[in-house]
Every structure is written in C-alpha cells, then in structure tokens.
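Following: one structure in structure tokens, then a few remarks.
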Amino acid sequence: MLDQLGTHGLLDVSVEVRGRTQDVTDEQVNGAVGTAVGQAFADLGLCEHHVSSTFSAPLDESLVGATLSLDGPSQLTYDVGFPTKLVGTYETRLPELFFQNFIQACGMSLSLIRQTPKNRGNSHHIIEATFKAVARALRAAIDEVDQRPVEGTLVKREASIHRKTGETDVDVDIKLDGKGTSDCDTMIPHLDLMLKDLAETSGISFKVECEGDIHIDDHHTNEDIAIVIGKALQEALGNRSGINRMGFASATVGEAQVEVTLDLSGRPHLEYELEIPDERVGTYDTQLVEHFYQSIVNNSGTTLHVRGISGTNSPDLIAAGIHAFGAALKMAVRFDDRRLGKIASSKGVL
C-alpha cells in the first residue's frame, strides 16, 4: 500500500527491507517500515509547521477519512475496522501498527475513521482507501506549507452531447475550465437552480437545453439530463491524465451540512446517505436528487459518496449536497503539473 503515497501523495517513497530472517515477523517489518517512513518525514522538517488537513478517500463502497496535523501532538486515532482478518496473507490488524509507528517517529497527529458502516465493505478496499486518504491529506498539507499555486491547462476540456429518446430531447455543453456560468432550461425550475449552484461551486460552465415529458412527471427529464451531463464529463475528461482525480469537500447551507467525496476512477459507484425529509421542494420530487447523482455517476465513471452530516431543512440539504459536489468536482478535475502526462493510479490506467 506504500505505492499509494506515491500515486496519490506525489511522494517519492522507496523502502528496502534488508537482512530479514525467517524468525522476523510481518508485525516487526510493518512496525520498522512505519518508523523508517515517519523518520524520513521528520528529517524533511515538515512536522515543524502548524498545518492541518482532512481528506476522505473512497474505493467503491468503502470510505475512510484522514485528518492530520503536521506539528502534532504525536497521537493516533484509529477507528477503521475490517470484516476479515486477512487480505491474502496480509493481516488487517497491521496497518494500525504501521501508522502508530509512523506518527511516533515523525511527531504528527493522525485520525483515521472509517465512514461507512462496519458491517459493510471489502477489506482490500478499506486498506487501500485508508492509505489513499492519508496520502491525499499529506499532499494537501505539504502544498499548504509550500504555498503551491493552482496549476492551469492550455488543453481545451469541453464537450457537447445531444441525446434524443421517445421521452426527452437533451443538449448539454460543458467547459471544465469555464467561468462557472450556467445557461440552463431544463423545464424543471429546481433542477435549473441545482445546475446553477453546481456551475458556481465547480467552476465548470454548463449549457443545458431540454424538452421532456414533464406533463407526466419530472423523472425522465431529470434522469436524461443527468445522463447527458455524465457523458459530457466523460468526454471532456479524456483519458484523465494530469488531473488530481479525487476530490473531497464539505458544504453548509443554513443548518444543513453535507460531505462529498468523489473519485474520477472510471468505476461508477454511488453511496448516498442523504435523508431529505420532505417529499417535495416546491414541485420538485426529492427522490430525484439521488437519481440525479446516480445517472451522472453511471455515465461519467465516477465513484461518489454523498453523506448528510446535519440538518433537517430539505432545500438546504439539497443545496449543501450540490455545493459540496461542485467543490469536490473542482478539486478532482484540476490539473497538477506534477502529474503531467501521468494518470493518478498505481496501475497506470483507469
């Protein structure tokens, strides 16, 4: 899993274990490697800076959140949990030992919390999501120390998609590096508002035109617009080289707070934990919110986790979700010159 520190943390990590004999256990190796990596961080002087960061990383159904403070105090909070004791021959109790030794050696504080129910999940996914979350949180903290500017791109990342069925006729134009403007006529006023908020928070420019069978209900129109937006995102992203790939954001509207984590992984998966108490907001059927996300996910190859943290006001919950989704999307599609020509995957492909 140390390869995730390179792929997702943009860290050059090389570890060699020498002189291991048969009586040296995996536990001892894990502890020693954790100490060595932690000491290497301490030697860089990073842990002298009063900088904190948080990132939640998904892998399909699994979601793990990492919060760290570079200057400590040296303390580990570890509430991950695994449904199995082994992944292959690797014991799932060992990551905790690795991180315990890591933070003791470098002096930072680290909290790792599994954010999906303990009775769900794949142990391999959970371990990988844990290391990805730490890698992304470390990179965010290091970039803040370096005060690194956001990189742009000269590549035009745009797409225009038309889709016509017996129920709807949809045109979508998007510019990933737009100005966050929206020109949307979906025939569904609340969906127009959602797309306006999405454009403003993501920085992506949207133009959406649709004719649909709203004389029956909003279902087909809501779904088909989201399908075409997903397809447009897929096309505009190209092979996804050079981008951050992952995004995490929390947004508050009124008393409502929603967290969104997404991964432009090519693997469509939605975990939706947002309870909207009212059946309708104005004339908009609130069941369609989940369907909106699901259709984007399925057609853009995105892993998306939407988690309601607090709040009971239906319009505010929907708005907070869209704001967090937009902010996470903005982070994920952003170019990083350190990833130029590279895909953020230890496999080399998505």
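This structure is a prediction, so every number in the text was calculated from the model and none was measured. In this chain, residues are counted from 1 in sequence order.
Using a 4.5 Å heavy-atom threshold, the side chains of Thr116 and Val64 count as separate. Put simply, the side chain of Asp79 does not reach to within 4.5 Å of the side chain of Leu112, judged on heavy atoms. Looking at heavy atoms from C-beta onward, Arg245 lies in side-chain contact with Asp263 at the 4.5 angstrom threshold. Side chains of Ile296 and Asn298 form no contact here, defined as non-hydrogen atoms less than 4.5 Å apart. Considering only heavy atoms from C-beta on, Asp143 comes within 4.5 Å of Arg338 through its side chain. Using a 4.5 Å heavy-atom cutoff, the side chains of Tyr78 and Ile113 are not in contact. The side-chain heavy atoms of His219 and Asn222, taken from C-beta on, include no pair separated by under 4.5 Å. No side-chain heavy atom of Ile204 sits under 4.5 Å from any side-chain heavy atom of Leu198.
Cluster annotation: Ile216 is not connected to Ile188 through the hydrophobic network of ILVMFWY side chains, with a link wherever side-chain heavy atoms come within less than 4.5 Å. Cluster membership check: Leu86 does not share its hydrophobic cluster with Val29, using side-chain heavy-atom separations under 4.5 Å among Ile, Leu, Val, Met, Phe, Trp and Tyr. Both Met1 and Ile103 sit in one connected hydrophobic cluster of ILVMFWY residues. Membership requires side-chain heavy atoms under 4.5 Å apart, directly or through other members. In the hydrophobic cluster analysis, where Ile, Leu, Val, Met, Phe, Trp and Tyr join through side-chain heavy atoms closer than 4.5 angstrom, Leu288 is grouped together with Val208. When the side chains of ILVMFWY residues are joined at heavy-atom separations under 4.5 Å, either directly or via intervening members, Leu270 and Leu63 end up in two distinct hydrophobic clusters.
Asp169 pairs in a side chain to side chain contact (heavy atoms under 4.5 Å, CB included) with only one of the listed residues (Arg163, Lys164, Glu209), which is Lys164.
Shortest non-hydrogen contact noted between Ile174 and Leu233 is CD1-N, 3.6 Å. Pairing each heavy atom of Ile243 with each of Val333, the nearest pair is CG2-O, 3.5 Å. Taking every heavy atom of both residues into account, Met331 and Met246 meet most closely at CG-O, 3.8 Å. Closest of all the heavy-atom pairs between Ser300 and Thr302 is OG-OG1, 2.8 Å. Considering all non-hydrogen atoms of both residues, Thr92 and Val87 come closest at CG2-CG2, 3.8 Å. What you find for Phe206 and Leu195 is that their closest heavy atoms are CD1-O, 4.4 Å.
Judged by distance alone, with hydrogens and angles left aside, the side-chain atoms of Thr168 form no donor-acceptor pair with the main-chain N or O of Thr221 at under 3.5 Å. Of the possible donor and acceptor atoms, none in the side chain of Arg136 sits under 3.5 Å from a partner among the backbone N and O of Ala140. Using a distance-only test at 3.5 Å, with no hydrogens or angles considered, a donor-acceptor pair links the side chain of Asn239 to the main chain of Ser241. Put simply, the side chain of Ser202 never gets that close to the backbone of Lys330: no donor and acceptor are under 3.5 Å apart. Side chain of Glu96 to backbone of Arg93: no donor-acceptor contact under 3.5 angstrom is found. With hydrogens and angles disregarded, no donor-acceptor distance shorter than 3.5 Å links the side chain of Ser160 to the backbone of Asp173. Judged purely by atom type and a 3.5 angstrom limit, Glu61 uses its side chain to pair as donor or acceptor with the backbone of Asn122. Between the side chain of Asn101 and the backbone N or O of Gly31 there is at least one donor-acceptor pair closer than 3.5 Å. Thr303 places a side-chain N or O within donor-acceptor distance of the main-chain N or O of Arg267, the cut-off being under 3.5 Å. The backbone N or O of Lys175 sits nowhere less than 3.5 Å from a side-chain atom of Arg157 that would complete a donor-acceptor pair.
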Side chain to side chain contact (heavy atoms under 4.5 Å, CB included) evaluation trace for Gln115 with Ser56: CA-CA 9 Å; Gln115 296 172 330; Ser56 291; 2.9 Å; yes
Test log, rule side chain to side chain donor-acceptor pair (under 3.5 Å), inputs Ser250 and Gln257: CA-CA 7 Å; Ser250 177; Gln257 182 184 4; 2.9 Å; yes
Verdict with reasoning, Tyr293 to Val260, per side chain to side chain contact (heavy atoms under 4.5 Å, CB included): CA-CA 11 Å; Tyr293 287 120; Val260 167; 5.6 Å; no
Side chain to side chain contact (heavy atoms under 4.5 Å, CB included) between Leu2 and Leu5, worked out: CA-CA 6 Å; Leu2 291 176; Leu5 296 178; 3.9 Å; yes
Audit row: Phe82, Ile127, side chain to side chain contact (heavy atoms under 4.5 Å, CB included) steps and yes/no: CA-CA 9 Å; Phe82 297 91; Ile127 293 176; 3.3 Å; yes
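When the salt bridge (charged side-chain N to carboxylate O under 4.0 Å, His left out) test is applied to Glu271, the partners found at least two apart in sequence or on another chain are Arg120. The ring-ring contact (aromatic ring centres under 6.0 Å, His included) test applied to Phe41 returns Phe102, not counting sequence neighbours.
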Expected list for residues 316-328: side-chain donor-acceptor pairs under 3.5 angstrom, two or more places apart:
none

For residues 65-73, dump all side-chain donor-acceptor pairs below 3.5 Å to protein atoms at least two apart in sequence or in another chain.
{"unit_1": "Thr67", "atom_1": "OG1", "unit_2": "Thr54", "atom_2": "OG1", "d": "3.2"}
{"unit_1": "Ser69", "atom_1": "OG", "unit_2": "Ser52", "atom_2": "OG", "d": "2.8"}
{"unit_1": "Asp71", "atom_1": "OD2", "unit_2": "His50", "atom_2": "ND1", "d": "2.9"}

All N/O donor-acceptor pairs, side-chain side in residues 304-312, below 3.5 Å, sequence neighbours left out:
{"unit_1": "His305", "atom_1": "NE2", "unit_2": "Asp60", "atom_2": "O", "d": "2.8"}
{"unit_1": "Arg307", "atom_1": "NH1", "unit_2": "Glu259", "atom_2": "OE1", "d": "2.9"}
{"unit_1": "Ser310", "atom_1": "OG", "unit_2": "Glu255", "atom_2": "O", "d": "3.3"}

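In summary, Asp192 and Lys196 do not engage in a salt bridge, as defined by a charged side-chain N under 4.0 Å from a carboxylate O. Salt bridge present: Lys132 and Glu128 bring a charged side-chain N and a carboxylate O closer than 4.0 Å.
Enclosure of atom CD in Glu211 is not indicated, since only 12 or fewer non-hydrogen atoms of other residues, nucleotides or ligands lie within 6.0 angstrom. No more than 12 heavy atoms of other residues, nucleotides or ligands sit less than 6.0 Å from atom CD of Glu275.
Here Leu329 contributes atom CG and Leu176 contributes atom CG; the two are 7.5 Å apart, rounded to the nearest 0.5 Å. To the nearest 0.5 Å, the span separating CZ on Phe292 from CD1 on Ile229 amounts to 5.0 Å. One distance of note links CD of Glu91 with CG of Leu97; it measures 10.5 Å at 0.5 Å rounding. The structure places CG of Leu110 at 7.5 Å from CE of Met108, a figure rounded to the nearest 0.5 Å. Rounding to the nearest 0.5 Å places OG1 of Thr165 at 7.5 Å from CG of Asp213. Atom CG of Asn299 sits about 8.5 Å away from atom CD of Gln234, to the nearest 0.5 Å.
Aromatic ring centres of Phe99 and Phe131 lie closer together than 6.0 Å.
Between the side chains of Ser123 and Thr84, at least one donor-acceptor pair of N or O atoms lies under 3.5 Å. Residues Tyr90 and Asn30 have side chains that bring a donor and an acceptor to within less than 3.5 angstrom of each other.
Other residues sharing a hydrophobic cluster with Leu59 under the 4.5 Å side-chain heavy-atom criterion for ILVMFWY residues do not exist; the residue is a singleton.
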